[in-house]
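Structure, as structure tokens:
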2 protein chains.
Amino acid sequence: MKNDNGTAARLVGLAREVMQVSGYAGLHYGSLAKTLGITRAAVHHYYPNKVDLARRVIAEYCEWTRQQLAEIDVMDAPVDDKMRSYFALYRSIIEEGDERLCPGGMLAAEVMTLPPELRADVRKFFDLHVTWVAKVLLGDGSRTEPAGEAARVVAALQGALLVSRLYGRPDSFDAIVDGLMIIVPTTAPIPTKRPARKASVPTKTRKNEGR
Amino acid sequence: MKNDNGTAARLVGLAREVMQVSGYAGLHYGSLAKTLGITRAAVHHYYPNKVDLARRVIAEYCEWTRQQLAEIDVMDAPVDDKMRSYFALYRSIIEEGDERLCPGGMLAAEVMTLPPELRADVRKFFDLHVTWVAKVLLGDGSRTEPAGEAARVVAALQGALLVSRLYGRPDSFDAIVDGLMIIVPTTAPIPTKRPARKASVPTKTRKNEGR
DNA sequence: AGCATTACTTACACGCAAGTAAGTGTCAAC
DNA sequence: GTTGACACTTACTTGCGTGTAAGTAATGCT
């Protein structure tokens with residue numbers, strides 16, 4: 001081959017960054033090409049259409065995530081240490097760039113406008129996270145059904161990224177997440193759970209209109 | 001006037017729904033017009049450009065939110081009851097349609113691609129929420145700096161909407177949120193806070209590439 | 001009766017972005 | 001030294017979506 005600067009690989013990397021900032025809707029072949037100093041058609045050469053490219057991005061990010069989670073697994077630490085390492089994974093996202101969200105989270109926001117294949121990929125990405133967290137939470141003996149709690153942790157972290165990026169303050173992520181360990185207690189007792197379920201609510205729920 | 005079916009108002013309502021499902025990027029004059037059985041130009045007649053329309057949507061939603069929060073304020077209940085009513089506000093969103101997110105949350109995801117005026121509006125929307133929650137949390141004597149905790153609550157709720165919509169299961173929202181009261185303890189003590197801050201992390205943080 | 005206002009419509013201009021077709025140049029193997 | 005794969009480019013088509021200009025029809029006001 002004449003010149004292969006690893007364009008295909010650089011393309012996925014760039015595409016991921018763009019998606020983290022601007023989402024799938026904000027991913028344009030034109031700007032990718034411009035950034036890499038190639039033509040738009042060259043992008044099509046490697047990834048015939050946007051879905052191909054985006055799926056590749058997710059696939060690679062899933063793979064990377066799996067590796068990171070595996071590294072946490074092998075460190076064989078107490079549950080709350082593992083969770084803190086997990087939190088740090090999210091923090092690394094905003095450390096890489098304060099305009100970024102988790103690729104999965106960004107796509108989750110756009111999920112209704114996504115082509116079906118991508119939608120499925122996004123769900124799988126979240127499955128990966130939720131099942132891993134659930135597995136870890138199962139590590140201490142204190143619970144048997146960690147599924148809801150795992151979903152809560154993942155949701156809270158995605159929300160934390162969303163909010164901290166909105167304000168453009170990476171450190172606000174810490175402020176949000178620091179207290180999150182409370183809902184993943186290992187040594188500390190869980191406070192007595194209240195009745196829960198929605199109490200008297202001042203909301204009339206209309207199907208449509210009337211806001 | 002000849003025929004005024006309240007088109008302007010129906011337009012904002014519809015636009016909000018679309019934005020909740022598909023975001024600002026998925027909001028198109030063409031489909032709005034088609035849905036209401038008018039022409040695209042008629043939409044421009046009321047809202048000359050998309051930014052006008054979207055800002056109007058946010059403004060009305062802010063106003064609605066303010067009213068809801070005021071209603072919770074006057075009920076003069078204990079903090080955790082107020083918080084539960086607040087949670088129910090979010091639940092009402094997915095009750096209205098399981099493809100919807102909070103308008104503010106959706107726009108927060110798109111924030112980097114949004115025209116600046118809109119971006120500012122979105123921040124104000126979140127300010128409204130965070131300051132209200134902080135004020136309520138201040139209601140019990142147990143804390144003095146509820147800002148971080150307030151942001152955490154808001155972030156967690158937005159994340160909960162994101163995740164529950166992703167899976168298309170409205171009831172998963174409950175599963176996620178039910179345990180959220182733990183981080184808003186009023187009578188129950190907060191478990192002893194651990195050192196926190198990121199512990200040994202198996203992550204090399206590169207600025208770019210290499211994923 | 002005449003005029004302005006409101007609530008629209010038809011028609012058009014324009015830019016952007018995805019995708020495709022058909023090259024061109026270079027290296028590597030046979 | 002031809003053949004073929006690879007890494008692209010130029011050029012073009014097509015469709016979508018915003019925005020605007022210039023009507024038109026009905027109503028209300030003076």
Side-chain angles (χ1 to χ4, degrees), chain A residues 1-19 21-58 106-107 110 112-119 121 209, chain B residues 1-19 21-58 106-107 110 112-119 121 209:
Chain A
M1 304 139 198
K2 189 177 68 174
N3 44 349
D4 180 357
N5 302 328
T7 308
R10 291 203 292 154
L11 226 25
V12 228
L14 179 59
R16 177 178 49 81
E17 287 170 45
V18 173
M19 284 168 66
V21 176
S22 311
Y24 181 75
L27 182 71
H28 304 304
Y29 273 33
S31 61
L32 291 177
K34 197 173 216 173
T35 308
L36 293 191
I38 54 179
T39 57
R40 215 162 43 76
V43 184
H44 280 284
H45 171 66
Y46 292 103
Y47 304 97
N49 55 60
K50 263 179 72 171
V51 186
D52 295 336
L53 177 54
R55 294 198 70 181
R56 193 70 217 279
V57 169
I58 306 184
M106 187 73 230
L107 289 171
E110 293 179 291
M112 298 313 300
T113 61
L114 254 33
E117 317 93 293
L118 265 182
R119 205 180 299 192
D121 290 346
E209 295 293 316
Chain B
M1 307 140 197
K2 189 177 69 174
N3 44 348
D4 181 356
N5 302 329
T7 307
R10 291 203 292 154
L11 225 26
V12 228
L14 179 59
R16 178 179 47 82
E17 287 169 45
V18 172
M19 285 169 66
V21 176
S22 311
Y24 181 75
L27 182 71
H28 304 305
Y29 274 33
S31 62
L32 291 177
K34 197 173 216 175
T35 308
L36 293 191
I38 55 179
T39 57
R40 213 165 43 76
V43 184
H44 281 283
H45 171 66
Y46 292 104
Y47 304 97
N49 55 59
K50 261 179 75 172
V51 185
D52 295 338
L53 176 55
R55 295 198 69 181
R56 192 69 217 279
V57 168
I58 305 184
M106 187 72 230
L107 289 171
E110 294 180 292
M112 298 312 301
T113 61
L114 255 32
E117 317 94 290
L118 264 183
R119 205 181 299 192
D121 289 347
E209 293 296 316

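In the text below, chain A, chain B and the rest are named by the order of the sequence lines, each starting its count at 1.
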What salt bridge (charged side-chain N to carboxylate O under 4.0 Å, His left out) pairs are there with at least one residue in residues 44-55 of chain A, not counting sequence neighbours?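 Qualifying pairs, neighbours excluded: A:R55-A:D121.
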Should [X] be listed as having a side-chain N or O under 4.0 Å from OP1 or OP2 of [N]?
{"X": "B:Y46", "N": "C:dT6", "value": "no"}
{"X": "B:T39", "N": "C:dT9", "value": "yes"}
{"X": "B:T7", "N": "C:dC8", "value": "yes"}

Identify each donor-acceptor pair in which a side-chain atom of residues 112-119 of chain B lies under 3.5 Å from a protein atom, sequence neighbours left out, and give them as a table.
unit_1	atom_1	unit_2	atom_2	d
B:T113	OG1	B:E110	O	2.9
B:R119	NE	B:V111	O	3.3
B:R119	NH2	B:L114	O	3.2

Closest non-hydrogen atom pair between [X] and [Y], with its separation:
{"X": "B:V18", "Y": "B:G26", "result": "CG1-O, 3.6 Å"}
{"X": "B:Y47", "Y": "B:Y29", "result": "O-OH, 2.7 Å"}
{"X": "B:V21", "Y": "B:M106", "result": "O-SD, 4.4 Å"}

Could you go over nucleotides 19-24 of chain C and give all protein N or O partners under 3.5 Å, atom names and distances?
unit_1	atom_1	unit_2	atom_2	d
C:dG19	OP2	A:K50	N	3.2
C:dG19	N7	A:R40	NH1	3.0
C:dG19	N7	A:H44	NE2	3.4
C:dG19	O6	A:R40	NH2	2.3

Classify B:L27 by what it touches in the nucleic acid, base, sugar-phosphate, or nothing, heavy-atom distance under 4.0 Å.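 It contacts sugar-phosphate atoms only.
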Over all strands shown, is B:H28 touching base, sugar-phosphate only, or nothing at heavy-atom distances under 4.0 angstrom?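 Since only primed, P, OP1 and OP2 atoms lie under 4.0 Å of B:H28, the category is sugar-phosphate.
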Provide, to the nearest angstrom, the distance between the [atom1] atom belonging to [X] and the [atom2] atom belonging to [N].
{"X": "B:L32", "N": "D:dC16", "atom1": "CG", "atom2": "P", "answer": "17 Å"}
{"X": "B:L36", "N": "C:dA7", "atom1": "CG", "atom2": "P", "answer": "15 Å"}
{"X": "A:H45", "N": "C:dA18", "atom1": "NE2", "atom2": "P", "answer": "18 Å"}
{"X": "A:Y47", "N": "C:dA18", "atom1": "OH", "atom2": "C1'", "answer": "18 Å"}
{"X": "B:I38", "N": "C:dT6", "atom1": "CD1", "atom2": "C1'", "answer": "14 Å"}

Run the side-chain donor-acceptor check on residues 32-45 of chain B: report pairs under 3.5 Å with partners two or more places apart or on a different chain.
unit_1	atom_1	unit_2	atom_2	d
B:T35	OG1	B:S31	O	2.7
B:T39	OG1	B:A42	N	3.4
B:H44	ND1	B:P48	O	2.8

Five-pair end axes of the helix from C:dA1-D:dT30 to C:dC30-D:dG1, angle between them (10°):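 End-to-end axis angle for the helix from C:dA1-D:dT30 to C:dC30-D:dG1: 10°, rounded to 10°.
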Heavy-atom side-chain proximity of [X] to [Y] below 4.5 angstrom:
{"X": "B:V51", "Y": "B:Y24", "answer": "yes"}
{"X": "A:Y46", "Y": "A:V12", "answer": "no"}
{"X": "B:L53", "Y": "B:L27", "answer": "yes"}

